[in-house]
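Data block below; observations after.
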Amino acid sequence: ILGPVIPCAKYGLSSTEMLAKNVAKAAKKNPGSSSVLMKHHGAVTMGKDEEEAFRAAFALEAVAGRIYEKKCNQKIFEEAGEPKAWESIYGYMLHVKTPYIMEMSRRGRTVNAYLDDMAMISGYSTDCIDDIHDEKAFRKALYKRNAVLVKNDGAICVAPDKEEAEAVALVLEKNCFAANLALKKALKPVARVSAEIERNVYIKKYSRLKDAGGEENA
């Protein structure tokens with residue numbers, strides 16, 4: 001289904017011509033492959049129709065999962081706890097305890113962005129504080145970010161509304177999934193400059209959508 005090799009395209013910022021060219025180049029060099037990985041982004045799968053492209057996507061996910069487990073020497077965590085939600089002066093807040101967020105919170109360290117989506121939606125890094133009730137530490141960790149890890153207690157994701165807070169939580173879990181592998185294989189996060197560009201562009205675009213009356217009216 002996937003072909004003889006799964007090529008990885010060189011890095012490019014989101015939604016740029018450079019990223020598109022890098023993906024096209026990788027696909028052209030590997031005509032027998034039905035997928036192309038995009039560094040720090042994800043993947044593109046291809047087929048003669050929608051069904052074939054989806055089949056390639058499922059196959060790629062299965063292969064990636066097996067490779068991940070082999071490199072980490074552990075099975076992928078699947079259990080997840082129910083998030084708690086409330087409103088505060090910071091906005092809509094979700095206390096999340098999904099598997100890889102919990103794994104990173106137990107380490108008690110800052111987690112950098114390994115995914116462009118993380119850099120865009122939450123910031124270059126996610127700090128970890130010792131106590132959820134430490135208002136000063138929480139406020140400092142949340143500065144220019146949308147999530148804070150709490151040692152041994154998951155993460156707090158903050159956004160203007162429920163939908164965006166859930167998006168932050170989803171991307172943070174994926175980023176912690178990547179960070180777990182990075183700790184074992186010394187992989188590099190998104191470059192600081194690239195991450196800050198992604199974040200600034202995202203904030204400006206989001207602000208314009210809000211000014212235009214939301215996504216439905218933009």
Side-chain angles (χ1 to χ4, degrees), residues 14 40-42 61 64-65 68-69 71-72 74-192 194-196 198-203 206:
S14 300
H40 293 311
H41 289 288
E61 180 70 10
Y68 185 96
E69 290 180 340
K71 289 185 179 294
C72 288
Q74 64 181 194
K75 287 289 184 181
I76 292 175
F77 305 142
E78 294 182 354
E79 73 277 5
E82 285 295 319
K84 295 180 180 179
W86 69 95
E87 297 281 350
S88 77
I89 58 172
Y90 299 102
Y92 191 92
M93 303 179 74
L94 277 180
H95 188 181
V96 187
K97 295 186 178 183
T98 44
Y100 287 93
I101 285 177
M102 283 300 300
E103 180 74 3
M104 290 299 109
S105 76
R106 292 186 190 105
R107 295 177 182 274
R109 300 176 184 174
T110 293
V111 176
N112 289 333
Y114 290 88
L115 307 176
D116 269 42
D117 282 355
M118 188 66 206
M120 284 192 291
I121 293 176
S122 186
Y124 173 71
S125 62
T126 305
D127 287 346
C128 187
I129 61 176
D130 292 328
D131 184 358
I132 194 173
H133 301 295
D134 187 336
E135 181 70 20
K136 184 177 180 180
F138 180 80
R139 187 167 59 250
K140 181 180 179 181
L142 198 61
Y143 180 67
K144 291 188 177 181
R145 300 179 177 91
N146 286 80
V148 177
L149 289 168
V150 182
K151 189 170 177 60
N152 295 314
D153 200 22
I156 307 297
C157 300
V158 184
D161 53 50
K162 180 176 183 287
E163 186 177 84
E164 191 173 348
E166 289 174 344
V168 172
L170 178 64
V171 173
L172 179 59
E173 171 68 3
K174 290 181 178 180
N175 191 70
C176 287
F177 187 91
N180 185 55
L181 175 61
L183 286 171
K184 300 175 188 301
K185 293 297 176 180
L187 305 178
K188 294 181 179 180
V190 179
R192 182 67 178 262
S194 298
E196 290 180 350
E198 294 278 23
R199 177 68 170 165
N200 290 334
V201 170
Y202 175 81
I203 291 173
Y206 184 78

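Count residues from 1 along the sequence.
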> Side-chain contact, heavy-atom cut-off 4.5 Å: S125 with N112?
Replying inline: yes
> Would you say the side chain of H95 lies within less than 4.5 Å of the side chain of D153, judging by non-hydrogen atoms?
Replying inline: yes
> For atom CD of E135, is the number of surrounding heavy atoms from other residues, nucleotides or ligands below 6.0 Å larger than 12?
Replying inline: yes
> What do you reckon, is CD of E61 surrounded by more than 12 foreign heavy atoms closer than 6.0 Å?
Replying inline: no
> Do any N or O atoms from the side chain of H40 and from the backbone of Y114 form a donor-acceptor pair under 3.5 angstrom?
Replying inline: yes
>> I'd like to know if R145 and D127 make a salt bridge, using a cut-off of under 4.0 Å between side-chain N and carboxylate O.
In response: yes
> What is the distance from atom OG1 of T126 to atom CD1 of I156, rounded to the nearest 0.5 Å?
Replying inline: 12.5 Å
> Around K151, counting heavy atoms of other residues, nucleotides and ligands shown, do more than 12 lie under 6.0 Å from its NZ?
Replying inline: yes
>> So does E196 get a backbone contact from the side chain of N200, meaning a donor-acceptor N/O pair under 3.5 Å?
In response: yes
> If you measure from CD on E87 to CG on D161, what distance do you get to the nearest 0.5 Å?
Replying inline: 9.0 Å
> Are side-chain heavy atoms of Y90 and R139 found at a separation under 4.5 Å?
Replying inline: yes
> What closest approach, in Å, do A155 and L149 show between heavy atoms, and which atom pair accounts for it?
Replying inline: CB-CD2, 3.8 Å
>> Using a 3.5 Å distance criterion without hydrogens, assess whether the side chain of R199 forms a donor-acceptor pair with backbone atoms of M120.
In response: yes
>> Looking only at the side chains, is there a donor atom on one of N146 and E164 sitting less than 3.5 Å from an acceptor on the other?
In response: no
>> Around atom NZ of K162, are there more than 12 heavy atoms from other residues, nucleotides or ligands closer than 6.0 Å?
In response: no
> Is any side-chain heavy atom of V96 closer than 4.5 Å to a side-chain heavy atom of L172?
Replying inline: no
> With a 4.5 Å limit on heavy-atom distance, are the side chains of N180 and C72 in contact?
Replying inline: yes
> In this structure, which one of E166, K174, E173 forms a side chain to side chain contact (heavy atoms under 4.5 Å, CB included) with L170?
Replying inline: K174
> Would you say K140 and I129 make side-chain contact, with heavy atoms under 4.5 Å?
Replying inline: no
> Which atom names give the shortest non-hydrogen contact between A165 and C157, and what distance separates them?
Replying inline: O-CB, 3.9 Å
> Just by distance, do the side chain of E69 and the backbone of K75 share a donor-acceptor pair under 3.5 Å?
Replying inline: no
> Are the side chain of E198 and the backbone N or O of S14 linked by a donor-acceptor pair below 3.5 Å?
Replying inline: yes
> Closest approach of G154 and S105, non-hydrogen atoms and distance?
Replying inline: N-OG, 3.2 Å
> Which atom names give the shortest non-hydrogen contact between V190 and A195, and what distance separates them?
Replying inline: CG1-N, 3.9 Å
> With under 30° as parallel and over 60° as perpendicular, where do the rings of F177 and Y100 fit, or are they tilted in between?
Replying inline: perpendicular
> If every non-hydrogen atom of N152 is compared with every non-hydrogen atom of R106, which pair is closest and at what distance?
Replying inline: OD1-CA, 3.5 Å
> What distance separates L187 CG from K71 NZ, expressed to the nearest 0.5 Å?
Replying inline: 8.5 Å
>> Testing the basics here: between A169 and L94, what is the closest heavy-atom pair and its distance to 0.1 Å?
In response: CB-CD1, 4.5 Å
> Hey, are the side chains of M104 and L183 touching, using non-hydrogen atoms and a 4.5 Å cut-off?
Replying inline: yes
